[in-house]
Amino acid sequence: MKSGYLVTGIRFRQLMRLIRSNKCGASPRTIIRFLLLLQNSLWSSFFTRRERIIYGDYINNHPLPTDPVFIVGHWRTGSTYLHKLMSLDPLLAAPTLYQTAMPEGFVTARPYYAPLMQRMIGKFRPFDNMKAGIDEPQECEFALFRMCGESPLKQLMFPRSSTYFLLQQEADFMPAASQKKKWELALESFYTKLSWYNQKRLILKNPFHSMRIGYLSQKFPQARFIHIYRDPMEVIPSTIRMWTVVGEQNVMNHRGKAPQIKDVAIVYRNMLTEINTQLALLPSSRKAEISYKDLVASPIDTIQKAYQSLGLEFTEEYHQSILQFLDTNRDYEKNNYSLTDEEKLEIKAAMEAEHLNQPLTACGH
């Protein structure tokens, strides 16, 4: 699926609100995308209503989990890889690509929706070589966007200026005050449903949550946070490619523009600062940090150390699952990017301080 997938699975009424409240173009590409989203939204509305009738009481009576494990960190820092590895833990459950695509109807819709979705998405994500099966772990921001129509991703689909869309957001990536309640209800609903469906502790990856740690730590008093970080010389060009591809495949008007090096570096710097600030306020038992370099070099040892810090059980069954996954994916190849000396200097200047790329212990926390 290479068109409009950010909100494919949104309900009809929510789609109409999204289109009415944003400036939508009238090009053939935009019209085709709208028609695809429209027909899909009708099915999504049908399965949502069906699911509420059949399972609504069970889900509504299930408590909101208090102890999710959140993976935070900037895009392209290895959070997807870490999320995949932790989803192999039999004691944890991650939302899947299918579940985030049909967040309000995934229980009843699967026999009808999943086979078609699998054929449409292809084998890999559009901007790298990561597997894209419908049961692969996925970040929850896409589900929240589909459920309430509120996310910074909205500015990627409906650009209002030529500025990097993440620089147009509020510092905490939270919705406007008038929309916050609706967003909170979506978050509570989706996490409750995942907890009810899986009957396991949730492992949730969402780079946008990196700016919401203060809110999440209060909302979920037993939550744990794992921050994964990576060299900005790798993160920034990879992020530019990601948002360029995702923007081109989802924009609903004519004014999308690829982010520039300085734009992405500023957001990365701000995100690292916020993560360091918020995690410093939490007890050591609720936080852990992982270097992407360490994760790639020694995934089992690195995850074991994080588990020990967080008080999570690292079982032998999980150990064997990681070994099997590593053996199966030993030929995976990362994207490689070349930067000029001028680009490297630009990144270094925008990041301002080298210590922002180091773990919390190196920041005096």
Side-chain angles (χ1 to χ4, degrees), residues 64-75 77-94 137 139-140 171-174 187 191 195 200-232 235 268-316 318-319 322 351 353-365:
L64 177 70
T66 61
D67 61 352
V69 179
F70 292 102
I71 297 173
V72 296
H74 193 275
W75 296 267
T77 54
S79 58
T80 297
Y81 182 49
L82 177 60
H83 198 207
K84 173 61 181 179
L85 290 174
M86 293 189 69
S87 73
L88 301 174
D89 186 341
L91 301 179
L92 300 176
E139 59 192 66
C140 57
D172 56 6
F173 288 165
M174 294 290 283
L187 181 141
Y191 290 178
S195 178
K200 295 179 181 180
R201 190 171 192 169
L202 301 181
I203 174 68
L204 303 164
K205 187 264 292 194
N206 188 343
F208 288 109
H209 278 351
S210 302
M211 306 297 279
R212 304 166 180 159
I213 294 173
Y215 168 83
L216 294 169
S217 64
Q218 295 182 25
K219 184 77 172 179
F220 304 96
Q222 295 177 289
R224 302 293 188 266
F225 296 86
I226 302 179
H227 173 214
I228 183 167
Y229 61 95
R230 187 178 183 182
D231 185 344
V235 169
Y268 191 21
R269 179 197 68 201
N270 293 343
M271 186 173 285
L272 286 169
T273 301
E274 181 66 12
I275 291 171
N276 287 350
T277 299
Q278 292 300 324
L279 290 188
L281 301 176
L282 298 179
S284 59
S285 60
R286 294 187 65 187
K287 63 190 178 186
E289 287 228 339
I290 286 180
S291 160
Y292 175 74
K293 183 177 179 181
D294 292 342
L295 182 64
V296 171
S298 185
I300 292 177
D301 289 345
T302 301
I303 292 176
Q304 278 184 316
K305 290 177 182 177
Y307 268 49
Q308 184 176 8
S309 297
L310 299 174
L312 301 177
E313 182 182 1
F314 191 93
T315 65
E316 179 59 27
Y318 180 33
H319 187 175
I322 295 178
M351 296 295 294
E354 293 181 1
H355 76 270
L356 289 176
N357 309 317
Q358 304 303 317
L360 290 176
T361 52
C363 300
H365 298 149

task = Taking the side chain as every heavy atom from C-beta outward, state whether Arg286 and Ser217 have any pair of such atoms under 4.5 Å apart.
result = yes
query = Say you draw a straight line from CD1 of Ile213 to CD of Glu274; how long is it, rounded to the nearest 0.5 Å?
reply = 7.0 Å
request  = Kindly indicate whether the side chain of Ile203, heavy atoms from C-beta on, has any atom under 4.5 Å from the side chain of His83.
outcome  = yes
request  = Verify, without hydrogens or angle tests, whether Thr277 (side chain) and Thr273 (backbone) share a donor-acceptor contact under 3.5 angstrom.
outcome  = yes
inquiry  = Please check if the number of heavy atoms outside Lys200 that lie under 6.0 Å from its NZ is greater than 12.
reply    = yes
ask   = Taking side chain as C-beta onward, heavy atoms only, is Leu295 less than 4.5 Å from Ile303?
value = yes
key: Asp67 backbone acceptor or donor facing Arg201 side chain under 3.5 Å   = yes
query = Taking all atoms of both residues into account, what is the closest heavy-atom pair of Pro299 and Val296, and its distance?
reply = CD-O, 3.8 Å
message = Are the side chains of Gln278 and Leu216 in contact, using a 4.5 Å heavy-atom criterion?
response = no
ask   = Taking the six-membered ring for Trp, are Tyr191 and Phe220 parallel (under 30°), tilted (30 to 60°) or perpendicular (over 60°)?
value = tilted
key: Donor-acceptor contact below 3.5 Å, side chain Ser79 vs main chain Gly73   = no
Atom pair NZ/CD1 of Lys84 and Ile322 - distance to nearest 0.5 Å = 11.5 Å
ask   = Can you tell me how far the CG atom of Leu92 sits from the CG atom of Leu85, to the nearest 0.5 Å?
value = 12.0 Å
ask   = Using the ring of each side chain (for Trp, its six-membered ring), is Tyr81 parallel, tilted or perpendicular to Tyr292, with breaks at 30° and 60°?
value = perpendicular
query = Taking side chain as C-beta onward, heavy atoms only, is His74 less than 4.5 Å from Ile275?
reply = no
ask   = Is there a side-chain contact between His227 and Phe225 (heavy atoms, below 4.5 Å)?
value = no
message = A side-chain contact here means heavy atoms from C-beta on lying under 4.5 Å apart; do Arg212 and Asn206 qualify?
response = yes
key: Within-4.5 Å side-chain heavy-atom neighbours: Phe173 and His209   = no
